[in-house]
Amino acid sequence: SFKIDSVGTGTGVLGDVKSLNTDKQGNTYYLQDNTRGDGIFTYDGENVHQRILDRSLRQIMRYLPGTLWSDSDNVFNSSYDNAAVDAHYYAGLVYDYYLEKFNRDSFDNQGAAIKSTVHFGRNYNNAGWLGEPLNQMMYGDGDGVNWLPFSGAYDVIAHEITHAVTDRTANLLYQNQSGAINEAMSDIFGVLAENWAGLGPDWLMGEDIYTPNIPGDALRSLADPTLFGDPDHMDDFVQLPNTREGDWGGVHINSGIINKTAYLLSEGGNHGGVTVNGVGQDNMGDIFYRSLTQYLTESSTFSQLRSAAEQSATDLYGANSSAVTSVQQAFDAVGIN
Ligand SMILES: Cc1cccc(C(=O)O)c1OC(=O)C1CC1
Ligand SMILES: [Ca+2]
Ligand SMILES: [Zn+2]
């Protein structure tokens, strides 16, 4: 049928109203943004029963992506709409971040459609990037106590889309040190994207949707990972089994060491007996992006990340630049040689 780009309005998880790029087909409006790459598509997971989610991905795949979000009047203001509004709007902002900062056209740099399913499961405390063959994001609604709906936080959506970028570039194995780098990249670009968008800039992850009744906390801190129990130095690397229960060797925990490195490289500071001269967020982002997309591989270790970052800083600013020295200082400060 003939499609018309249209602009609707919606209310997000936190009650904020925003404009949405929608697609008008007949008298129905869909959460399909035709203005970015091959499009941004937001689907309704219809809270398919949790029981199915606990089975294999194969079971889940039968239900994903769900139904393309539709609305009768292009005003998405019901409470059931909130999660879809934010998933759609923030995915567009993450697309803009990568295009403007790194000239990257979507996660595959070829304009790939960005697909998200909200209302995934029931009270599901989880969000994630589902790689091949689905190549989409999914957001649980949270249980309302530990989590609000996961698409309600821009840094979370940027975190998930960065997993897709990582999969298409270094493809860091999601386990042990390579997995911790994978996780840290998602946290680092989650925070940088949020700061770029001016959406409550901070060095925290998930603060807008984490424990709504407890102010001031977050899932993770990059400035001080120890605030939420994560290590900020190699001396405190947590050895965990490479199993689901062991967080695949602690990928969401040991990421704190790399997160701290990025924070120090950007902002500077004294840590581990070392003084780091900061290079600022933009330069830190360029160094980590070049490392991720030009030098890291599936099995890269923390030490190989250090080499990649030193080489990236050399490429970008010159062998004898202060930025190269700052990279060395930052990795020294967390005990990565
Ligand atoms: C909540 C959650 C559970 C499991 C994996 C992830 C994951 O995407 O690694 C996850 O989402 C996050 O970590 C985002 C930052 C809040
Ligand atoms: Ca944040
Ligand atoms: Zn992650």
Side-chain angles (χ1 to χ4, degrees), residues 13-14 53-54 57 60 83 86-87 90-91 93-94 97 107 116-118 120-121 123-131 134 136-167 170-175 178-212 215-225 227-230 240 243-256 258-259 262-263 266 281 292:
V13 169
L14 301 179
L53 301 184
D54 293 342
L57 187 61
I60 297 174
D86 281 341
Y90 288 142
L93 267 189
V94 176
Y97 169 70
F107 56 83
S116 309
T117 298
V118 297
F120 180 90
N123 302 326
Y124 194 48
N125 284 330
N126 210 320
W129 167 255
L130 301 173
L134 285 163
Q136 65 158 97
M137 282 165 296
M138 59 87 178
Y139 299 102
D141 286 336
D143 58 19
V145 175
N146 294 298
W147 296 97
L148 292 177
F150 280 77
S151 58
Y154 180 66
D155 57 4
V156 170
I157 293 185
H159 175 109
E160 302 308 347
I161 293 176
T162 300
H163 276 310
V165 172
T166 296
D167 283 1
N171 193 23
L172 288 154
L173 274 178
Y174 205 61
Q175 64 187 45
S178 55
I181 298 170
N182 184 318
E183 266 304 304
M185 288 291 179
S186 278
D187 282 352
I188 291 160
F189 290 106
V191 163
L192 290 178
E194 189 174 74
N195 294 350
W196 167 83
L199 291 169
D202 55 44
W203 289 91
L204 297 171
M205 279 304 305
E207 70 284 349
D208 294 336
I209 56 164
Y210 188 61
T211 60
D217 68 347
L219 179 63
R220 292 186 285 273
S221 166
L222 283 73
D224 182 4
L227 277 179
F228 306 111
D230 299 318
L240 284 170
T243 60
R244 181 181 302 281
E245 296 70 28
D247 189 32
W248 310 113
V251 299
H252 291 94
I253 297 163
N254 295 309
S255 53
I258 305 304
N259 284 343
Y263 169 77
S266 174
Q281 291 184 35
L292 177 67

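FYI, the numbering just counts along the sequence from 1. Keep in mind that the numbers below use all heavy atoms, side chains included, and drop hydrogens, waters and symmetry copies. Counting convention: from 1, in listed order, for ligands and their atoms alike.
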Salt bridge (charged side-chain N to carboxylate O under 4.0 Å, His left out) between D230 and R220, worked out | CA-CA 8 Å; D230 299 318; R220 292 186 285 273; 5.5 Å; no
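With rounding to the nearest 0.5 angstrom, the CD atom of Q175 is 13.5 Å from the CG atom of L240. With rounding to the nearest 0.5 angstrom, the CD atom of E183 is 11.0 Å from the CG atom of N254. Atom CG of D141 sits about 10.5 Å away from atom CG of L148, to the nearest 0.5 Å. Annotation: the span from E194 atom CD to M205 atom CE amounts to 7.5 Å, rounded to 0.5 Å. The CG atom of D224 sits 10.0 Å away from atom CG of L204, with the distance rounded to the nearest 0.5 Å.
The immediate protein surroundings of ligand 1, defined as residues with any heavy atom under 4.0 Å of it, consist of N126, A127, F150, V156, H159, E160, H163, Y174, E183, M205, L219, R220, H252.
Screening I181, N259, L292, T162 against I188 for a side chain to side chain contact (heavy atoms under 4.5 Å, CB included) leaves a single residue, N259.
Distance alone, capped at 3.5 Å, places no donor-acceptor pair between the S255 side chain and the A184 backbone. D155 places no side-chain N or O within donor-acceptor distance of the main-chain N or O of V191, the cut-off being under 3.5 Å.
Shortest non-hydrogen contact noted between F228 and S221 is CD1-N, 3.6 Å.
For the Zn ion (ligand 3), the set of protein N/O/S atoms nearer than 2.8 Å consists of H159 NE2, H163 NE2, E183 OE2, ordered by chain and number. Take a cut-off of 3.0 Å around the Ca ion (ligand 2): the protein N, O or S atoms inside it are D155 OD2, E194 OE1, D202 OD1, L204 O, E207 OE1, E207 OE2.
For S151, the side-chain contact (heavy atoms from CB on, under 4.5 Å) partners are A83, D86, A87, V118, Y139, I157, not counting sequence neighbours.
Between H159 and H163, the ring planes lie perpendicular to each other; the angle is over 60°, past the 30° to 60° tilted range. A perpendicular orientation is assigned to the rings of Y263 and W203, their planes being inclined by more than 60° (bins at 30° and 60°).
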